[in-house]
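A short worksheet on the structure shown next.
Below, chains carry the letters A, B, ... as their sequence lines are ordered, and counting in each starts from 1.
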Amino acid sequence: MMNLQSGTILAPEFYKKPVLAVAPELLGKFLVRQTGQTAISAMITEVEAYDGPEDLACHASKGRTARTETMFGEGGHWYVYLVYGMHEMLNIVTGEAGYPAAVLIRGLEGINGPGRLTKRFGIGREFNGLPAAIDAGLYIEDRGMTIDPARIKTSPRIGVDYAGPIWSGKPYRFYLEDSV
DNA sequence: ACAAGGATACCT
DNA sequence: GGTATCCTTGTC
């Protein structure tokens, strides 16, 4: 019997596109965390794009380091890091290997805030570098939800004033209007 | 309005 | 080995 809630797991190819193309497409998709027999999931409602070595808000603008290594890898892998000493941030790497870019998952339906969603889903740095696939127990699904493009709003990214006026002002945050 | 909290990057 | 800074949140 087919589970009506189930959908199609996004293939690696989905992520191997420019980050600014991938980010808005993730809205309306479902983040799924599977542990043993049970799974929890929620619709993605808010994301931010971090685009390459030039983007001063992107960690990779500091160069290739132990932390940013994952972002330089190929799209479709998780990039998870700790911020402010207490919150795990969940990002999905995009594009081809060698170009550092990722989408930060900032909000899910019913869960606002990037630190809250990782806590609720039990996501930590152990996922860093793992592929967004069923084997990892953490992946993104398309459940056929169609999003009216008019519902997708943009704004500057949150908490990146340190990146200077040009990069902190880029409209790289995408969210569903009626879910913030 | 602001402290908590620990890793990271970049000095000396 | 020291220090400033950080893609936040909860409580003040």
Start with the C-alpha distance between Tyr139(A) and Gln34(A), add both sets of side-chain angles, then the distance that settles side chain to side chain contact (heavy atoms under 4.5 Å, CB included), and finish with yes or no. CA-CA 9 Å; Tyr139(A) 53 92; Gln34(A) 187 136 22; 3.2 Å; yes
Applying side chain to side chain contact (heavy atoms under 4.5 Å, CB included), run through Glu88(A) and Ile123(A) and close with a yes or a no. CA-CA 7 Å; Glu88(A) 315 271 1; Ile123(A) 298 165; 5.8 Å; no
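Separation of atoms CD1 (Ile9(A)) and CD1 (Ile134(A)) is listed at 4.0 Å; rounding is to 0.5 Å.
Around atom CD1 of Ile147(A), more than 12 heavy atoms belonging to other residues, nucleotides or ligands sit under 6.0 Å away.
Relative to the six-membered ring of Phe121(A), Arg33(A) misses at least one condition, a distance below 6.0 Å or an angle of at most 45° to the axis.
Taking 4.0 Å as the cut-off between side-chain N and carboxylate O, Glu96(A) and Lys16(A) do not count as a salt-bridged pair.
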How does protein contact run along nucleotides 1-12 of chain C, one letter per nucleotide 5' to 3', with B for base contact, S for sugar-phosphate only, - for none, heavy atoms under 4.0 Å? -----BBBSS--
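Base pairing in DNA chain B yields stems of at least 3 consecutive Watson-Crick or G-U pairs, both distances under 3.5 Å, namely B:1-4 with C:8-11, B:6-11 with C:1-6.
Only one option out of Leu20(A), Leu26(A), Val103(A) pairs with Thr94(A) in a side-chain contact (heavy atoms from CB on, under 4.5 Å); it is Val103(A).
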